[in-house]
K.L.:
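Handing you this structure, nothing more for now.
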Amino acid sequence: MTDLTTHITDLRRPRLLVRAARHGMSAYRRSRDLRRITGQSHTTSPRVVVETLLHQEEQVEQIRLARDGTYNVNKHVELLIALMAESRCLPLETRQTGRPGWRPKLV
């Protein structure tokens, strides 16, 4: 689990994406949104969901950094919202001490 925690806490994303994702977290509903975003059921373990979201978000980030015309900012924000929300569902031993969930570092 340390690798997952390290990977989550090392993410650095632009301020605008992070702010948009923070605002969207209040509207996130696992039972409604998870299948649409990841294709997984809302009964899937948070660890598996976070790993899937990290993989998908990294792919979108690579497209963004390459300045590819297929980059979809809505999808990127959606993935960040889900990643922030799902990281709060991880067991306490997986999260850093004293932190309720993950917030990306700003670039």
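Here the structure is a predicted model, which means the values were calculated and not measured.
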K.L.:
How long is the gap from CZ on Arg13 to CG on Leu80, to the nearest 0.5 Å?
P.N.:
7.0 Å
K.L.:
So does Arg36 have more than 12 non-hydrogen atoms from other groups sitting under 6.0 Å from CZ?
P.N.:
yes
K.L.:
Are Asp68 and Gln62 close enough that some pair of their side-chain heavy atoms sits under 4.5 Å apart?
P.N.:
no
K.L.:
With heavy-atom distances below 4.5 Å as the criterion, would you say the side chains of Ser45 and Gln40 are in contact?
P.N.:
no
K.L.:
Does the pair Arg88 and Met25 meet the rule for a side-chain contact (heavy atoms from CB on, under 4.5 Å), with working shown?
P.N.:
CA-CA 11 Å; Arg88 291 180 177 207; Met25 277 185 61; 3.6 Å; yes
K.L.:
Among Leu53, Thr52, Ile37, which one satisfies side chain to side chain contact (heavy atoms under 4.5 Å, CB included) with Leu83?
P.N.:
Leu53
K.L.:
Check whether any side-chain heavy atom of Met84 lies under 4.5 Å from a side-chain heavy atom of Val18, and answer yes or no.
P.N.:
yes
K.L.:
Could you tell me if the side chain of Val73 sits less than 4.5 Å from the side chain of Arg64, heavy atoms only?
P.N.:
no
K.L.:
Could you walk me through whether Leu90 and Ile8 pass the side-chain contact (heavy atoms from CB on, under 4.5 Å) test, one step at a time?
P.N.:
CA-CA 12 Å; Leu90 290 173; Ile8 289 172; 4.0 Å; yes
K.L.:
Which heavy atom in Gln56 sits nearest to a heavy atom in Leu79, and how many Å separate them?
P.N.:
OE1-CD2, 3.3 Å
K.L.:
Kindly indicate, with the supporting measurements, whether the criterion side-chain contact (heavy atoms from CB on, under 4.5 Å) is fulfilled by Glu86 and Leu34.
P.N.:
CA-CA 10 Å; Glu86 292 296 326; Leu34 195 57; 4.1 Å; yes
K.L.:
Taking only residues two or more places apart in sequence, or in another chain, which ones meet Arg35 in a salt bridge (charged side-chain N to carboxylate O under 4.0 Å, His left out)?
P.N.:
none
K.L.:
Any ring pair (Phe, Tyr, Trp, His ring centres under 6.0 Å) involving residues 18-39? Give me the pairs, sequence neighbours left out, ordered by first then second residue.
P.N.:
none
K.L.:
Is there a side-chain contact between Leu54 and Leu11, using heavy atoms and a 4.5 Å cut-off?
P.N.:
yes
K.L.:
What distance separates Cys89 SG from Arg30 CZ, expressed to the nearest 0.5 Å?
P.N.:
5.5 Å
K.L.:
Between Lys75 and Glu61, does any NZ, NE, NH1 or NH2 come within less than 4.0 Å of an OD or OE carboxylate oxygen?
P.N.:
no
K.L.:
Do His55 and Glu51 have a side chain donor and acceptor closer than 3.5 Å?
P.N.:
no
K.L.:
Can you list every pair that meets ring pair (Phe, Tyr, Trp, His ring centres under 6.0 Å) and has a residue in residues 64-84, with sequence neighbours left out?
P.N.:
Tyr71-His76
K.L.:
Is the shortest heavy-atom distance from the side chain of Asn72 to the side chain of Val60 under 4.5 Å?
P.N.:
no
